[in-house]
There are 2 protein chains.
Amino acid sequence: MRRTKKERQRLLSETIAENPFVTDEQLATQFQVSVQTIRLDRMELSIPELRERIKDVASKSYENEVKSLPIDEVIGEIVDIELDHRALSIFDVQEEHVFQRNGIARGHHLFAQANSLAVAVIDDELALTVHSNITFVKPVRAGNRVITKAIVIGRDEQKHRTKVEVTSTVNGETVFVGEFDMYRTKGKGE
Amino acid sequence: MRRTKKERQRLLSETIAENPFVTDEQLATQFQVSVQTIRLDRMELSIPELRERIKDVASKSYENEVKSLPIDEVIGEIVDIELDHRALSIFDVQEEHVFQRNGIARGHHLFAQANSLAVAVIDDELALTVHSNITFVKPVRAGNRVITKAIVIGRDEQKHRTKVEVTSTVNGETVFVGEFDMYRTKGKGE
DNA sequence: TTGTTATTAGCACTTGGTACTAATATCAGT
DNA sequence: ACTGATATTAGTACCAAGTGCTAATAACAA
């Protein structure tokens, strides 16, 4: 045993999480064990084979295709959307999103999630943020799962404007609120 | 020939574009031809095999994920700073900062530049954005050089608050304005 | 030394193909 | 109707990256 089995499996999980496109053979070389050992490890950790992993990555981004905005342009993962009404997204705060000094999430990440959700909820090819008024209610930290809800609260057909209210919570507690004034090209049913 | 070859190949392209996860066998059944014919068609149209298609979808969404996350690096370069008074930063808008659909910069990048400059201008170990009111005045596009200026316009020692006004311009034209209410731990000369 | 856990080896089989050859079918023009 | 070109089908060997299974070792611990 090069190291312990546990240690290897821990690293294996990490490696695959980082790069799902790696084959068992590459992993075997990397960890200096046989391909069979890698396979046993994957089974114990219930990590699917390469093709399944790739398929998962692909179908995840494919299923959630939203008319208004390709999913990859949204910060966080949209879990529910009802165009022109409401939308919900989840964003897991990682180490790289916080200030090293105090571990508090940088504001622009929360803003990015809220803003991209406000864009996504608009049922239009072109939606732009014109104005927004936001408040950071409580600090957010690494490890927190931020659940953000966008609700369309008003619409002015003449001015092509839509008002969206966005609220982010962590464990049920509000951490961020914002009001977004969005511009859209098309009016109702055009 | 059920229909013409051309017609079938046209539909084939469409079908695969719509759902890249379809196998040759499924296609053969759908078009009532043999699997070999489907393969010949794919070759003539240079459509890769199922696994390659899936891999393409997966890696595309994977690259984008990585691209949209490191906002830390897009906050611009600070070129001048006078702590607790003013600060100036430059940010060059690249292709990856704009919506593919219309080429306009995503709001959160401009916000990120403004917000991080507001944080930087505060002469304190800990500065957090509490509230902000922002307006996207004009669309910004790839290739634009955004010059952002932050000016400290007020300070409330009791409440540990500092107000910062941020203005971004492209070629002298204002594209973004924002007012940031910042929280700081320390008061004056503590 | 014995028992347990860990690792490696080997084989048959699977999917969704590629690459290639060869046999038919279909149609168009003369 | 005959010929030649194009289209379609069939069949084979082979590949990658696995699964599922059995069996042989190796390493370690009491």
Side-chain angles (χ1 to χ4, degrees), chain A residues 1-66 70-72 77 92, chain B residues 1-69:
Chain A
M1 277 178 271
R2 281 91 202 146
R3 215 68 228 164
T4 60
K5 186 182 171 181
K6 250 186 188 157
E7 176 67 2
R8 188 190 56 234
Q9 293 194 341
R10 206 182 51 71
L11 288 170
L12 190 80
S13 296
E14 267 181 44
T15 309
I16 294 176
E18 244 170 66
N19 169 215
F21 298 84
V22 68
T23 65
D24 285 358
E25 206 158 278
Q26 293 174 317
L27 290 164
T29 315
Q30 186 179 328
F31 291 104
Q32 291 284 32
V33 292
S34 71
V35 177
Q36 285 78 358
T37 301
I38 296 293
R39 308 240 224 252
L40 281 173
D41 283 348
R42 274 201 298 100
M43 292 195 196
E44 285 180 27
L45 300 165
S46 35
I47 296 171
E49 63 164 296
L50 171 71
R51 283 120 151 184
E52 293 306 314
R53 293 194 305 261
I54 291 180
K55 214 186 284 174
D56 287 349
V57 172
S59 51
K60 221 174 266 172
S61 75
Y62 215 77
E63 279 164 26
N64 302 345
E65 220 184 310
V66 182
I71 200 79
D72 56 41
E77 194 193 342
D92 288 310
Chain B
M1 277 179 273
R2 278 95 205 144
R3 213 66 232 165
T4 60
K5 186 181 169 179
K6 250 186 189 158
E7 176 66 2
R8 188 190 55 234
Q9 294 194 341
R10 205 182 51 72
L11 288 170
L12 191 79
S13 295
E14 268 180 44
T15 308
I16 294 177
E18 244 169 67
N19 169 213
F21 298 84
V22 69
T23 65
D24 286 357
E25 206 159 277
Q26 293 174 318
L27 290 164
T29 315
Q30 186 179 328
F31 292 104
Q32 290 284 31
V33 291
S34 71
V35 177
Q36 284 78 359
T37 301
I38 296 293
R39 309 239 224 250
L40 281 173
D41 284 347
R42 274 201 299 101
M43 292 197 196
E44 286 179 28
L45 300 166
S46 36
I47 295 169
E49 63 164 294
L50 171 71
R51 282 120 150 184
E52 293 307 313
R53 294 193 307 259
I54 291 179
K55 215 187 284 175
D56 287 350
V57 173
S59 50
K60 224 171 263 171
S61 76
Y62 214 74
E63 279 164 29
N64 283 340
E65 244 173 76
V66 178
K67 221 180 270 173
S68 63
L69 280 173

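These numbers come from the heavy atoms of this one structure, side chains and all, not from hydrogens, waters or symmetry mates. Reminder, nothing fancy here: chain letters follow the sequence lines and each chain counts from 1.
Within the model, atoms CD of Q9(A) and CD of E7(A) stand 10.5 Å from one another, a figure rounded to the nearest 0.5 Å. Expressed to the nearest 0.5 Å, how far CZ of R39(B) lies from CG of D41(B) amounts to 12.0 Å. Note that CD1 of I38(A) and CG of D24(A) are 7.0 Å apart. Values are rounded to the nearest 0.5 Å. The line from CG of L40(B) to CG of L45(B) is 10.5 Å long, rounded to the nearest 0.5 Å. Atom OG1 of residue T37(B) and atom CG of residue L27(B) lie 12.0 Å apart, to the nearest 0.5 angstrom. In this structure, E25(B) CD and L50(B) CG are separated by 12.0 Å, a value rounded to the nearest 0.5 Å.
L12(A) has its CG atom 15 Å from the C1' atom of dT7(C), to the nearest Å. Here the P atom of nucleotide dT15(C) and the CD1 atom of I54(A) are 19 Å apart, to the nearest Å. In this structure, CD of Q36(B) is placed 16 Å from P of dA23(C), rounded to the nearest angstrom. The NZ atom of K55(A) sits 11 Å away from the P atom of dT15(C) (whole-angstrom rounding). If you take NZ of K5(B) and P of dT9(D), they are 12 Å apart, rounded to a whole angstrom. A straight line from CD of E25(A) to C1' of dT19(D) spans 16 Å, rounded to a whole angstrom. Following rounding to the nearest Å, D24(A) (CG) and dT19(D) (P) show an atom-to-atom distance of 6 Å. The nearest whole Å value for the distance from the CG atom in L27(B) to the C1' atom in dT15(C) is 15 Å.
With hydrogens and angles disregarded, no donor-acceptor distance shorter than 3.5 Å links the side chain of E52(B) to the backbone of E49(B). Here the side chain of Q26(A) pairs a donor or acceptor atom with the backbone of T23(A) at under 3.5 angstrom. At least one donor-acceptor pair closer than 3.5 Å links the side chain of R53(A) to the backbone N or O of V22(A).
For DNA chain D, the neighbouring residues in residues 38-53 of chain A, judged by any heavy atom under 4.0 Å, are R39(A), R42(A), E49(A), L50(A), R51(A).
When the nucleotides dG10(C), dG18(D), dT8(D) are ranked by their closest atom to the side chain of T23(A), dG18(D) comes out on top.
Each end of the helix from dT1(C)-dA30(D) to dT30(C)-dA1(D) gets its own axis from five base pairs, and the two axes differ in direction by 0°, given to 10 degrees.
Distances shown here put a side-chain N or O of T37(B) below 4.0 Å from the OP1 or OP2 atom of dT9(D).
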